[in-house]
Amino acid sequence: MSTPDEKIVREIRLNPIVPSESVLVATARSMRPKKAEEPAPRDTRSHVDTCPFCTGNEHMTPPVIAAYPDDKNWNIRIVENLYPVLGDDRSNPNLSFGLQQTIDGYGRHEVMIDHNKHGIAIHEMSEEHLALLFRAYRERMDQLYRSNSRLRYVLAFKNFGPAAGASIAHTHSQLIAMPVIPDNVQTEVANSRAFYHKNHRCIFCSLIDEALTFEATIYDRESGEIRRKIGVGQYIVERGKKFIAIKPFASRYEWELHILPLTHQSDFLRISPDDFADLARVMRRTMARLDAVLGGVQYNFFLHSLPHDVNCEDCDASYHWHIEITPRTSIPTGFELGSGLFVNTVAPEAAAEKLRAIQLD
Ligand SMILES: [Zn+2]
Ligand SMILES: [Zn+2]
Ligand SMILES: [Zn+2]
């Protein structure tokens, strides 16, 4: 597939919300040594006798916290994580010393078994099921926030495939309720608030508007040659009635996509029950596009929403919840770890065009 955008791009693109997460977009072949080896074939089996998350093996997991529609005939099942990264045991007293400061690893860690079919991918699930999955996210996040005032942030995320760090092949998500607000969420909140003070607008809404309504041509001052063309919808991969999937201009990962509500909303917990169906549709179609282009996609996704106890009057107006999808097609190099600058070898414009070109039913 050749696209007009496949001319060589080499530039540093600033992330408008988190400037420290900038990206070197470098599509020249010489920048391609980090191409990951062929992804391991996905485990597509529907049932695995030895899998603790498969039906019939419910006794192999910690006790159930919630199940949909019910515990006997579950389609989605939530249990405590057997190996929590944060827990509520009090076995570790605070051992801060000098510059070695610690925060108690207090928290909750839950596993959501996304489907009773072992190896099913998101794009293979029905939209009804996906809508139920997002409703389950909302309900568990809400419960966790209410369960203890020491919990300051609930992060919902999913790892799919070994390249994305999934240790159990059975499709699942995780919810981690933590005693601190993650730094990247805090930075997003602070920077979008600063933008709001200056421009009286939400930066996420502004980005959506740019993607939907901007058209521009940038010419070279001397030669008059075209340097860049920005087309309407160039960064849009999927558009629903209520949600949109956008390819960020400064994408850290080659196939990174963000899903946002079209109407401003700061807190995922305030999503209207009527909106789950459209979110499910946009998510399923977006994942189907990624899967078709990448030939089996291994990815992480995570949900960023306004933290609950931020004492901030205008954060409701300035912050906008979203889902970030980060397919894993390469592993970070020493340059990236050393510089903090991500290298993206596929021009986001070309990636968006490829994803859009996939014909879906
Ligand atoms: Zn399984
Ligand atoms: Zn907004
Ligand atoms: Zn975010």
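Residues: numbered from 1 along the sequence shown. The structure presented is a predicted model; accordingly, all values stated were derived computationally and were not measured. As the structure lists them, so they are numbered: ligands from 1, and atoms in each ligand from 1.
- The atom of His170 nearest to the Zn ion (ligand 1) is ND1, with the search restricted to N, O or S atoms.
- Geometry at the Zn ion (ligand 3): ND1/His304 and OE2/Glu188 form an angle of 100°, nearest 10 degrees.
- Atom ND1 is the N/O/S atom of His118 found closest to the Zn ion (ligand 1).
- Distance check for Cys312 and Cys315: the SG atoms are under the 2.5 Å cut-off.
- By the 4.0 Å N-to-carboxylate-O rule, Glu128 lies too far from Arg281 to be salt-bridged with it.
- Atom NZ of Lys117 has 12 or fewer heavy atoms from other residues, nucleotides or ligands within 6.0 Å.
- Ring pair His197/Phe195: centre-to-centre distance not below 6.0 Å.
- For His258, every N, O or S atom stays at 2.8 Å or more from the Zn ion (ligand 3).
- For the Zn ion (ligand 3), the nearest N, O or S atom contributed by Glu324 is named OE2.
- Aromatic rings of Phe243 and Trp321 (six-membered ring for Trp) have centroids within the 6.0 Å cut-off, being under it.
- Summary: ND1 is the N/O/S atom of His264 found nearest to the Zn ion (ligand 2).
- Proximity of the aromatic rings of Tyr299 and Phe160 is defined here by a centroid distance below 6.0 angstrom, and this criterion is met.
- Restricting His320 to its N/O/S atoms, the shortest distance to the Zn ion (ligand 2) is reached by ND1.
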